[in-house]
Amino acid sequence: ISEGYHECRMLYDDYGNCNGCINEHYVFSSSRGLCCPCHKTCKTCLLFSDSSKYTFDDDCLSCYDGYYEDYIYDDGKGFSCTPCKEHCSVCSDSETCTSCKEGYYLVGSSCTPCHETCKTCRGIESKDCLSCYEGYYLNSPNGPSSSNKYCVRCGENCASCTETECKTCSDGYYLDGNKKCQSCHV
């Protein structure tokens with residue numbers, strides 16, 4: 001098989017022709033069972049005849065997260081996948097975000113940064129954390145069902161931890177039997 005082509009990965013018809021390809025590919029040559037990659041923004045794309053090796057950005061049938069279906073041409077065949085606005089992981093159009101990237105939360109249809117210690121959050125304040133970055137643990141001072149949760153830095157030389165113990169140590173340290181980080185002796 002030539003470079004850039006892939007073998008048929010799905011169904012063959014009764015005559016041995018390729019009827020489908022894995023995601024991100026389309027049927028280029030059904031008789032030879034060859035599939036070609038879709039445009040880089042398309043998750044799936046239109047099936048073509050043996051006459052065209054390339055898809056265009058308006059040949060998409062589905063988009064990756066971070067892109068939305070944009071019907072630039074009204075030809076009824078496919079659409080373009082246009083990037084969502086910054087910090088948006090899923091959107092329905094250029095202005096409407098429905099899910100945000102890590103470190104941001106949704107306010108209306110826009111993404112707003114979480115507090116700097118929060119990996120994911122429900123609001124901008126430090127008490128609005130849902131998960132924490134490496135080197136922090138989620139602390140709920142008012143009990144586990146409380147909505148007020150903070151990210152607290154792990155102890156010295158501790159890379160990851162729970163509220164009560166270190167799980168892994170920073171480089172140059174090892175975890176002893178008491179779940180404390182000790183310096184490696186060289």
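Heads up: numbering here begins at 1 and tracks the sequence.
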Can you see which heavy atom on [X] is nearest to which on [Y], and at what distance?
X	Y	answer
Lys127	Arg122	O-NH2, 4.0 Å
Gly108	Leu106	O-CG, 3.6 Å
Cys161	Tyr137	SG-CD2, 3.5 Å
Tyr68	Ser94	OH-CB, 3.3 Å

Heavy-atom neighbours of Lys180 NZ exceed 12 at 6.0 Å: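 Not buried by this count: 12 neighbours or fewer within 6.0 Å.
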
Within a radius of less than 6.0 Å around CD of Glu156, do more than 12 heavy atoms belonging to other residues, nucleotides or ligands occur?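 Incorrect, the count does not exceed 12.
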
Given 3.5 Å as the limit, does a donor-acceptor pair link the side chain of [X] with the main chain of [Y], or not?
X	Y	value
Ser109	Thr96	no
Thr120	Ser131	yes
Thr98	Val90	yes
Lys85	Glu95	yes

Pairwise distance [atom1]([X]) to [atom2]([Y]) - rounded to 0.5 angstrom:
X	Y	atom1	atom2	result
Ser140	Lys149	OG	NZ	5.0 Å
Thr168	Asn157	OG1	CG	11.5 Å
Tyr136	Ser160	OH	OG	14.0 Å
Thr112	His87	OG1	NE2	9.5 Å
Leu175	Lys167	CG	NZ	11.5 Å
Cys114	Glu102	SG	CD	9.0 Å

side-chain contact (heavy atoms from CB on, under 4.5 Å) for Glu69 and Cys63? Distances and angles first, verdict last. CA-CA 7 Å; Glu69 298 172 5; Cys63 302; 4.0 Å; yes

Sulfur to sulfur, is the gap between [X] and [Y] shorter than 2.5 Å?
X	Y	answer
Cys84	Cys91	yes
Cys158	Cys181	no
Cys111	Cys88	no

Just so I know, are the side chains of Tyr104 and Ser89 near enough to count as touching, which here means a heavy-atom distance under 4.5 Å?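 Side chain of Tyr104 against side chain of Ser89, heavy atoms only: no contact under 4.5 Å found.
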
Please tell me if the side chains of Cys60 and Phe79 come closer than 4.5 Å, counting only heavy atoms from C-beta onward.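 Yes - at least one pair of side-chain heavy atoms lies under 4.5 Å apart.
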
Under the rule for side-chain contact (heavy atoms from CB on, under 4.5 Å), what residues qualify as partners of Cys129, not counting sequence neighbours?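 side-chain contact (heavy atoms from CB on, under 4.5 Å) check on Cys129 returns Thr117, Cys118, Leu138, Cys151.
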
Residues clustered with Val107, ILVMFWY side-chain links under 4.5 angstrom: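 Under the 4.5 Å side-chain rule, Val107 groups with Tyr105, Ile124.
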
